[in-house]
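Reading through the structure tokens given below for one structure.
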Amino acid sequence: MASKTANQKTVAFADAPINQSLSAGDKIDLLRTMVRIRRFEQTSLKHYHNGSIGGFLHLYIGQESVAVGTISLLGDNDHVITAYRDHGHALAVGMGMDECMAELFGKATGCSKGKGGSMHYFAPDKNYWGGHGIVGGQAPLGAGLAFAVKYKGLEGCCLCYLGDGAINQGAYHESLNLASLWDLPVIYIIENNGYSMGTSQVRSSAYPKEGLAARAEGYNMAWDKIDGVSLYEIRAGVQKAVERAHKESRPSIIEILTYRHKGHSVADANAEKYRTKEEIQKYMNEHDPIEFWKSTLIAEGVITEDDYKEINKEAGAEADAAADFAIKSPYPEESEIFDHVYWEVDNNTAAGRTGRHFFHG
Amino acid sequence: MPREITYREALREGLDEELAYDDNVVIIGEEVAEYNGAYKVTEGLWKKWGDKRIIDAPISEAGFIGMGIGASMLGIRPVMELMFFSFAYVAFDQMMNNAAACRYMSGGLINVPIVVRGPANGGTNVGATHSHTPENIFANMPGLKVVTPSDAHDAKGLIKSAIRDNDPVYFMESTVLYGMTGLVPSNDELEDGELIVPIGKAKVKREGSDLTLIAHGRAVVTCLAAAEILAEKYKINAEVLDLRSIRPLDEEAIMTSVRKTHRAICVEENKPFCGVGAQISSMIMEQCFDDLDAPVLRITSADAPAFYSPPIEKLQLPNPEEIVERALSIC
């Protein structure tokens, strides 16, 4: 799993047709998206520490390949829904840094107009359905998005992401049963970073020796386990599940092994207690997907070290500009408190005008 | 000519008409299809509409209601049946967070046009787990609508409005009312060709001048019986106001009636603590204080879980005699 060279294992996945179809430009775009996610979050962390951002901030640093690799496989009828560690998926589906950063700052220009915060990003125009705060609560919604795609007769799917800590929630298991029973084209992506907040995988889950996704056997569902350090491996593995969803309307569970460099959230005081510093450092050195992809592309002659530095610099500048945008943006007006509660009220329909909808004061 | 049909048949007519009106309407729930509905509300619909539109769900409320919420975000209009509304509690996160708050948290980018319907009543000797009346609980959550039809006419007209509404509507029926008949117009006698009852509009079920009985769901029937006793035995002329929906609430109708009668009793089968009547009493106090000739009273279910033993459970629920007694205390 050395990060500095493209090892034989990765080369094998590079030969997969879905990866062979990548142009040099595509590969550079994948790198750029991962770097943009990281620089966005590093910048947000700085502003969290200076008090500009409220609540929680769950950083995705170290896991970027999962969102970028999987979302790079999707088309117009494919949908994405995830949990609260949602910044990476948002940028990967094409949301802008400005709207995402402004949301963290609680500004009116945020993607959710300051109403959602870090955990609740949405962009339905990009088939991105959140951003959900309750662990595992998005699992049935993912099945529902897939149900809708199928109901409309479209060839598409829904990627529903969840952490390894979410797999013990009942809503997830109910969703698996429905997905398999009703042949829903949903793909559950377990982003396994090893820790359910501060509780390790072995202390929180009972599972077969093959891994967390292997629970799929009990639901007669296909599954796979993928090393998340390599975009090639992610794309090659998840593409099979996407095809299964598109062609057979069958669900899958894919476990992707990854690691978060930071704590569960920035407020996680024990981030270096339940994990050793040595463990964290080892993953940062050997399992950093950005370093790995960078090395792969340099080895392939697609980029040079200088190209990477330029990409990193541009991403950093974009993140700083997004922070400036957020800082300069206005806060929402108090009057907006009652917007977006009811569609019918917002749209001033007869239904929205009939009866009292709000009861304060 | 208006037909005398049951509340159950009226609901079914409403569902059937909406299945025809919009291809995106789909009915999902336990035993709704091949079994024809645990309470036969959906009887015959699977045979008519088939597997795509009428879907039997496994016993998995959090799963299938959450799934319906996700599907509704993409424009499907799921009508989810809870065999008992009491089972909402195993789907609570889906119903309170995902249905109610996704629109808000997305800054208005999403809406959730889902209906969750089923019976929410006590009085049938099924014990505490199956006798919940959560209209106050769900009405507490901004973003949700709570509808409680008390007769066949409204059951049909309101279910049609609920399905066409672009917000989540929790539609609470009563197993005791399912078999009760009422006059429902046929479509060919209606100007618009169909029966639509707007959500948020209360109905005066009995005009009166001495006292307003404010109720919803089956408590309306109980109030109408009490009003007859009050008129016959005591010459007290009670007005009965059927709220029809809890949220949105027809505040204007409540205040108009109270300003006329100067006395009010809120009657519900809900529990007392922060019940619907608590909200309404507070509003009357704030808006009609000077119009009142007596304190606003509340009659609710007894403040204990539902008793199984049939003769005792009966005593837990509001009954006409109790309403008469309390009315006499302020009239």
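In what follows, chains carry the letters A, B, and so on, assigned in the order in which the sequence lines appear, proteins first and then strands, with residues in each chain numbered from 1.
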message: Is a donor from one side chain sitting under 3.5 angstrom from an acceptor on the other, for A:N168 and A:S205?
response: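 Yes, a side-chain donor-acceptor pair sits under 3.5 Å.
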
Between [options], which shows the greatest number of heavy-atom pairs under 4.5 Å with chain A?
options: B:I65, B:V90, B:D165; result: B:D165
options: B:L109, B:L249, B:D23; result: B:L249
options: B:A139, B:A57, B:G66; result: B:G66

field: B:R164/B:E194 under salt bridge (Lys or Arg N to Asp or Glu O under 4.0 Å): CA gap, chis, key distance, verdict
entry: CA-CA 13 Å; B:R164 294 186 196 185; B:E194 61 180 342; 2.7 Å; yes

message: For a side-chain hydrogen bond (donor to acceptor under 3.5 Å, both in side chains) check, start with the C-alpha distance between A:D78 and A:H246, then their side-chain angles and the critical distance, and finish with the verdict.
response: CA-CA 9 Å; A:D78 298 317; A:H246 285 183; 2.7 Å; yes

Could you tell me which portion of [X] (side chain, backbone, both or neither) has an atom closer than 4.5 angstrom to a non-hydrogen atom of chain A?
X: B:E286; value: side chain
X: B:D93; value: side chain
X: B:Q94; value: side chain
X: B:I246; value: backbone
X: B:I199; value: backbone
X: B:D51; value: neither
X: B:I55; value: side chain
X: B:N24; value: both
X: B:N111; value: side chain

task: Take atom CZ of A:F56 as the centre, draw a 6.0 Å sphere, and report whether it contains more than 12 heavy atoms from other residues, nucleotides or ligands.
output: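 Count not over threshold, so no.
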
- prompt: B:Y170 ring centre to B:K145 NZ or CZ under 6.0 Å, with the angle to the axis within 45°?
  reply: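 No.
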
- prompt: Which bit of A:D346 comes within less than 4.5 Å of chain B, counting heavy atoms only: side chain, backbone, both or neither?
  reply: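 Side chain of A:D346 only, per the 4.5 Å heavy-atom cut-off to chain B.
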
field: Heavy-atom pair with the smallest gap, counting every atom of A:L178 and B:G63
entry: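 Scanning both residues completely, I find the closest heavy atoms to be CD1-C, 3.3 Å.
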
query: For the rings on B:F92 and B:F138, is their centre-to-centre separation under 6.0 Å?
result: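 Ring-ring flag for B:F92/B:F138: true, centres closer than 6.0 Å.
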
query: Parallel, tilted or perpendicular: which fits the ring planes of A:Y342 and A:H357, with parallel below 30° and perpendicular above 60°?
result: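 Judged by the thresholds at 30° and 60°, the geometry between A:Y342 and A:H357 is perpendicular.
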
query: Is any NZ, NE, NH1 or NH2 atom of the basic residue among B:E17 and B:K156 found under 4.0 Å from an Asp or Glu carboxylate oxygen of the other?
result: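 So B:E17 pairs with B:K156 through a salt bridge.
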
